Amino acid sequence: MDITTEVHPGKQTSELVLHGRFDAHEADLFRAAVEQALEDGHHNIRVHLANVEFVDSTALAELVRGMKRCRELRGDLVLVSPSDPVRVILELTKLDAAFDIA
Amino acid sequence: MPHDTILEASHLGLRDLGQWLDQVFEAVGWSSSASRGAIELAIHEVAANVVDHARPSDGRIMLSATTDKTELFVRLSDCGNEFEPSCVVPPDPENPQVRGYGLMIVEQVATSLDYQRIDATNNWTMAFAVDVASDTSSQD
Amino acid sequence: MDILTGSHEQSVMTVTLSGRLDALEAAALRNVLDQAMSDGLVNLAIDLSDVDFVDSAGLAALVKGMKDARTVGGDVKLVSPESADAMRVFELTKFDQVFTMVSDIEDILRNW
């Protein structure tokens with residue numbers, strides 16, 4: 001039997017694990033983390049939200065903005081394991097249909 | 001008996017809202033209500049709009065809450081810029097936008113939302129139906 | 001709020017086999033797969049289109065590779081053999097439903 005192998009480099013994925021309160025006060029911090037990932041060439045960003053205890057519409061706006069930035073670059077921003085507060089706001093704003101949620 | 005508080009009109013100041021709301025709920029015996037999270041979010045969104053748009057020069061947001069059976073009434077006032085309803089663009093679900101979800105959230109959660117400009121102050125009144133029958137037993 | 005960041009690459013390694021994948025050849029395949037895993041390549045696409053025979057020993061090597069990969073968040077996906085003699089063992093054991101099996105390597109690479 002012949003065996004030949006080849007490695008195909010794939011897309012770099014950034015994992016952002018958020019912990020705590022994601023409100024307007026934290027918007028700049030999150031935006032900077034997203035911009036850093038994009039600058040590093042990681043157009044796929046997975047945002048882990050299991051440990052986010054509060055999220056408001058400003059934070060949601062940052063997630064939308066990040067998602068649009070990634071999609072412009074043919075990547076995506078995926079919401080991973082959203083906590084209940086995150087799920088609630090996604091449903092209230094009907095953005096649960098706009099995001100890829102893992 | 002109304003529960004009053006004053007929040008500092010800044011995004012950091014808004015973080016005291018949760019504690020105040022906890023006190024209000026506890027005083028009435030609503031501690032395990034499932035609707036508490038959504039109610040806090042709604043009040044927070046109105047207060048955040050005051051911080052971002054009304055920008056009261058005295059740096060204060062006045063909050064007052066009363067309850068009646070299973071309803072919560074919250075009045076929020078400040079002495080900042082007048083609210084212009086025509087400036088609010090309702091979000092389009094087909095086209096996720098970056099801003100503008102605050103009032104949409106409040107309208108979904110509150111049973112009523114009113115705004116009045118009285119003597120150079122902004123006054124928001126909100127009513128909420130509180131889910132008191134639930135037992136959110138995620139207690140260990 | 002704290003934000004912890006990390007990153008990883010989603011490389012896929014293709015392994016193209018031709019000939020017979022039986023008990024004699026299974027060991028060679030196992031070595032290739034083990035080596036890939038220790039090199040951190042946990043996404044493996046194995047192209048069986050040119051394989052004319054697979055027996056249960058060959059299948060076992062593929063299954064072990066798949067389980068090892070899935071344990072660390074990767075996977076082993078297969079391009080189905082064209083030969084019926086090679087495909088038979090997958091159908092009889094129902095492993096054709098456990099593995100992702102496609103007809104074209106590009107399907108795997110594009111959609112991993």
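Within every chain, numbering begins at 1; the chains are lettered A, B, ... in the order of the sequence lines, protein sequences first and strands thereafter. Remember, it's a predicted structure, so these values are computed and weren't measured experimentally.
In this structure, chain B has a heavy atom under 4.5 Å from the side chain of A/Phe54, while its backbone stays farther away.
Note on A/Ile89, A/Asp56, A/Val88: by heavy-atom pairs under 4.5 Å with chain B, the leading option is A/Asp56. If you tally non-hydrogen atom pairs under 4.5 Å between each of B/Glu107, B/Glu40, B/Gln108, B/His44 and chain A, the highest count goes to B/His44.
Listed by chain and residue number, B/Phe83, B/Trp124 satisfy the ring-ring contact (aromatic ring centres under 6.0 Å, His included) test with B/Tyr115 (two or more places apart in sequence, or in another chain). The salt bridge (charged side-chain N to carboxylate O under 4.0 Å, His left out) check on B/Arg55 picks up nothing, with sequence neighbours excluded.
For the atom pair B/Trp30 CH2 and B/Leu21 CG, the distance stands at 9.5 Å (nearest 0.5 Å).
Side-chain contact annotation: B/Ser64 with B/Asp4, donor-acceptor N/O pair under 3.5 Å present.
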